[in-house]
Amino acid sequence: MDHVQISTTVRTKDDAMAIAKSIVEARLGACVQVLGPITSTYWWDGRVQVDEEWTCVARTIGELTDRVLEHISDLHPYDNPELAVVPIVGGTDEYLEWINDEVSAAVRRPETT
């Protein structure tokens with residue numbers, strides 16, 4: 001089973017916490033870390049923007065990637081949110097098995113739309 005980290009950024013800690021809690025409650029991720037505040041510098045609307053943001057990093061399995069991305073998109077306040085997926089290429093057997101165990105309910109449960 002492959003494992004991934006999925007990250008996104010939002011403007012407020014409250015938005016980050018809401019996304020994190022929702023992912024874990026839906027059993028789509030074993031854990032979501034909320035990091036911040038961070039300072040993001042990026043191009044938007046034809047100019048350089050600098051904003052304070054919060055980062056969410058979810059640990060899940062590759063099989064659930066599309067569902068997690070859709071879940072985050074449905075909750076996200078941005079028009080074009082950062083949604084980045086990075087493979088987890090290693091880790092202890094115990095940790096990776098814990099991820100598997102925590103998301104197994106979502107794997108068995110059909111997607112609801």
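When a residue number appears, it is its place in the shown sequence, counting from 1. We use all heavy atoms of the structure for the numbers below, so side chains are in, but hydrogens, waters and symmetry mates are not.
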Going by atom types only, do Tyr42 and Glu53 share a side-chain donor-acceptor pair under 3.5 Å?
no
Spell out, yes or no, whether Val103 and Leu96 are grouped together once hydrophobic residues are joined by side-chain heavy atoms under 4.5 Å, including indirect joins.
yes
Using 0.5 Å steps for rounding, measure from the OG1 atom of Thr60 to the CD1 atom of Ile23.
9.0 Å
Single-linkage hydrophobic cluster, 4.5 Å side-chain cutoff, Ile88 and Val107 together:
yes
Separation between CD of Gln5 and CD1 of Ile99, rounded to the nearest 0.5 Å:
8.0 Å
Is the shortest side-chain heavy-atom distance between His3 and Asn100 below 4.5 Å?
yes
Matching residue for Asp74 among Glu70, His71, His76 - test: side chain to side chain contact (heavy atoms under 4.5 Å, CB included)
Glu70
Does some side-chain heavy atom of Lys13 sit less than 4.5 Å from a side-chain heavy atom of Met17?
yes
Side chain proximity check, Ile38 to Trp54, heavy atoms < 4.5 angstrom:
no
Backbone of Ser104 reached by a side-chain donor or acceptor of Arg27 within 3.5 Å:
no
Where is the tightest heavy-atom contact between Gln49 and Asp45, given as atom of each residue plus distance?
NE2-CB, 4.4 Å
Is there a donor-acceptor pair closer than 3.5 Å between any side-chain N or O of Ser73 and the backbone N or O of Leu69?
yes
Minimum heavy-atom distance between Thr12 and Asp15, given as atom pair plus value
OG1-N, 3.0 Å
Does Ile61 belong to the same Ile/Leu/Val/Met/Phe/Trp/Tyr cluster as Val24, with side-chain heavy atoms less than 4.5 Å apart forming each link?
yes
Validation row: Val4, Val68 side chains within 4.5 angstrom (heavy atoms):
no
Just by distance, do the side chain of Thr8 and the backbone of Cys56 share a donor-acceptor pair under 3.5 Å?
no
Mark yes or no for whether Arg67, through its side chain, and Ala106, through its backbone, hold a donor-acceptor pair below 3.5 Å.
yes
Closest non-hydrogen contact found for Val34 with Ala16 is CG1-CB, 3.7 Å
Applying a strict under-4.5 Å side-chain criterion to I, L, V, M, F, W and Y, I'd like to know whether Val85 and Leu28 cluster together.
yes
Shortest non-hydrogen contact between Ala58 and Val32, atoms and distance
CB-CG2, 3.7 Å
Per side chain to side chain contact (heavy atoms under 4.5 Å, CB included), Thr65 is matched among Leu83, Asp2, Ile6 by Ile6
